[in-house]
Colleague: 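The following block contains the structure, expressed as C-alpha cells.
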Amino acid sequence: MTDAIVKGRLFETKSGKYLELIPSNARFHSDAERATPVENADFDDLAKRRQLLDHHNVDWYFGSIIWQPA
C-alpha cells in the first residue's frame with residue numbers, strides 16, 4: 001500500500017503570508033492561492049525542508065514556516 005501524496009502550502013507565521021517559491025527566491029502573498037504547492041512529506045523531512053528553503057533563499061525563516069494543507 002502506498003501513501004497518498006498530500007500537498008499544501010508554506011505559511012510564514014510572523015508575516016502571516018504564504019510563500020510562492022521561484023528560482024533562487026520566494027515571494028510572500030496574503031492570498032493562499034498564489035502559494036507554491038509543497039508535498040507534506042517534503043516538509044516533514046527536515047533535510048528536505050532545509051534544502052527546499054535554502055534553494056529559495058528563505059532558510060532564515062526555518063523556524064517560522066509551517067505547512068498547511070491545501
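Excluded from the calculations below are hydrogen atoms, water molecules and symmetry mates; all remaining heavy atoms, backbone and side chain alike, are included.
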Colleague: Nearest heavy-atom pair of L21 and T36: which atoms, and what distance?
Modeller: N-OG1, 2.7 Å
Colleague: For R9 and A35, indicate whether the former's side chain and the latter's backbone hold a donor-acceptor pair under 3.5 Å.
Modeller: no
Colleague: Is there a side-chain contact between H29 and K17, using heavy atoms and a 4.5 Å cut-off?
Modeller: no
Colleague: Can you check whether F43 reaches I65 side chain to side chain, under 4.5 Å on heavy atoms?
Modeller: yes
Colleague: What is the distance from atom CG of L10 to atom OH of Y61, rounded to the nearest 0.5 Å?
Modeller: 13.0 Å
Colleague: Stepwise, does the side chain to side chain contact (heavy atoms under 4.5 Å, CB included) test hold for Y18 with E33?
Modeller: CA-CA 9 Å; Y18 296 90; E33 295 302 316; over 6 Å; no
Colleague: Taking T13 for its side chain and S64 for its backbone only, find out whether a donor-acceptor pair lies under 3.5 Å.
Modeller: yes
Colleague: For residues 50-60, please give each side-chain donor-acceptor pair under 3.5 Å, one per line with the distance, not counting sequence neighbours.
Modeller:
unit_1	atom_1	unit_2	atom_2	d
H56	ND1	I22	O	2.6
H56	ND1	N25	O	3.3
N57	ND2	S24	O	2.6

Colleague: How many angstroms lie between NZ in K7 and CG in N40, if you round to the nearest 0.5 Å?
Modeller: 12.0 Å
Colleague: Are the side chains of L19 and F11 in contact, using a 4.5 Å heavy-atom criterion?
Modeller: no
Colleague: Please report the interatomic distance CH2(W67) to CG(D44), rounded to the nearest 0.5 Å.
Modeller: 8.0 Å
